[in-house]
Amino acid sequence: MRVAPSILAADPLHMARDIQRMLDAGADWLHVDIMDAHFVPNLSFGPALTAALHRQFPSLPLDVHLMMDNPEGYIDVFCDAGASVLTIHAEIPGDVAALLERIRARGVKAGLSVKPGTPAEAIRRLLPHADMVLVMTVEPGFGGQRFNAGMLGKLDALREMGYTGLLEADGGISLSNVALLRSHGLDVAVMGTAMLGSADPVADMTAIHAL
Ligand code: DX5
Ligand code: ZN
């Protein structure tokens, strides 16, 4: 299984140092949370930081998670900044299928995220437009929250619908629940607090890669 450490849990004044530590431990992707203080009650990073990360770590795929009500005007901006995966939320107003196809047209993987209250059934018609589904295992907005095990059934439901693309989960993931997620078909684990705060990220990442 792949691991995407989340820079939300990095020390903002030592971000490059913290990311290098994750790279040295074998991070597959880097998860970049973009928050607009409207879709979620928090503010985080923007396109300038994303572009700077891409310049500094050009071989590290950037997994950009847009927690924004109106991502339409930012799809090209984040593709230009160097996103490898660009994820939007199913709960936003507007034509989500068209936005996913706009991401694909840029040669970037299109991700579709669902908050805990959004059932798998609600995105059935959008699945053909998504290269990845990001199942939130906490309410989006903040790191360090408790994993919601009720979301495991959503992973199963997506596979039962015939979805064969990438499955990612985000929120409260640690060594204590990642094997369980894998057994429900997870491909990519986003890990903020648990991986950035790990005393031995090499050992942790090696164990997760073996799942
Ligand atoms: C929450 C973010 C997550 C967050 C996960 O809204 O989408 O990516 O960084 O952090 P942890 O692993 O600490 O729950
Ligand atoms: Zn995220």
Side-chain angles (χ1 to χ4, degrees), residues 1-12 14-15 18-19 21-22 25 27-47 49-50 53 60-69 71 74 78 81 83-92 103 108-118 130-152 154-155 166-182 186-199 201 204-205 207-208:
M1 181 160 54
R2 281 180 254 193
V3 183
S6 172
I7 56 163
L8 198 61
D11 177 342
H14 297 96
M15 201 174 271
D18 288 357
I19 293 168
R21 188 164 174 261
M22 294 294 106
D28 300 275
W29 293 357
L30 191 68
H31 189 77
V32 182
D33 284 314
I34 308 295
M35 303 182 183
D36 69 351
H38 198 260
F39 183 76
V40 288
N42 198 4
L43 276 169
S44 59
F45 316 118
L49 179 75
T50 308
L53 292 171
L60 182 58
L62 299 179
D63 173 32
V64 179
H65 177 191
L66 297 183
M67 284 163 271
M68 301 175 69
D69 268 325
Y74 291 88
F78 282 100
S84 288
V85 186
L86 190 55
T87 296
I88 59 174
H89 266 268
E91 298 86 1
I92 60 173
I103 296 169
V108 171
K109 280 193 173 66
L112 175 64
S113 185
V114 276
K115 297 204 283 186
T118 303
D131 302 305
M132 185 178 86
V133 174
L134 167 48
V135 173
M136 290 305 302
T137 42
V138 299
E139 282 301 330
F142 299 91
Q145 302 182 75
R146 195 185 148 91
F147 176 76
N148 178 348
M151 297 300 110
L152 294 167
K154 199 181 288 188
L155 298 177
L166 289 172
L167 275 180
E168 183 180 60
D170 184 4
I173 300 179
S174 69
L175 265 294
S176 67
N177 51 38
V178 74
L180 188 60
L181 284 158
R182 180 65 179 157
L186 195 74
D187 299 298
V188 188
V190 175
M191 297 177 75
T193 308
M195 194 54 78
L196 272 293
S198 171
D204 291 355
M205 216 112 45
I208 297 168

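Both counts, for ligands and for their atoms, begin at 1 and track the order of listing. Source: prediction; values computed, not measured.
- A heavy-atom distance below 4.5 Å is not found between the side chains of Val108 and Val64.
- Contact residues for ligand 1 (protein heavy atom closer than 4.0 angstrom to any ligand atom): Ser6, Leu8, His31, Asp33, Met35, His65, Met67, Met136, Pro140, Gly141, Phe142, Gly143, Gly144, Asp170, Gly171, Gly172, Val190, Met191, Gly192, Thr193.
- Residues passing the salt bridge (charged side-chain N to carboxylate O under 4.0 Å, His left out) test with Asp131 are Arg104, sequence neighbours excluded.
- In this structure, the side chains of Leu49 and Met15 come closer than 4.5 Å at one or more pairs of heavy atoms.
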- Full working for side chain to side chain contact (heavy atoms under 4.5 Å, CB included) between Met151 and Met136: CA-CA 8 Å; Met151 297 300 110; Met136 290 305 302; over 6 Å; no

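- Other residues, nucleotides and ligands contribute over 12 non-hydrogen atoms within 6.0 Å of the CZ atom of Phe147.
- Applying the ring-ring contact (aromatic ring centres under 6.0 Å, His included) test to His31 and every residue at least two apart in sequence or in another chain returns His65.
- Under the 4.5 Å side-chain criterion, counting only non-hydrogen atoms from C-beta, Leu60 is in contact with Ile19.
- Protein N/O/S atoms nearer than 2.8 Å to the Zn ion (ligand 2) total 4.
- Checked by atom type and distance alone, the side chain of Asp204 never pairs as donor or acceptor with a backbone atom of Leu175 at under 3.5 Å.
- Remark: side-chain polar atoms of Asp28 are paired, donor with acceptor, to backbone N or O of Val3 under 3.5 angstrom.
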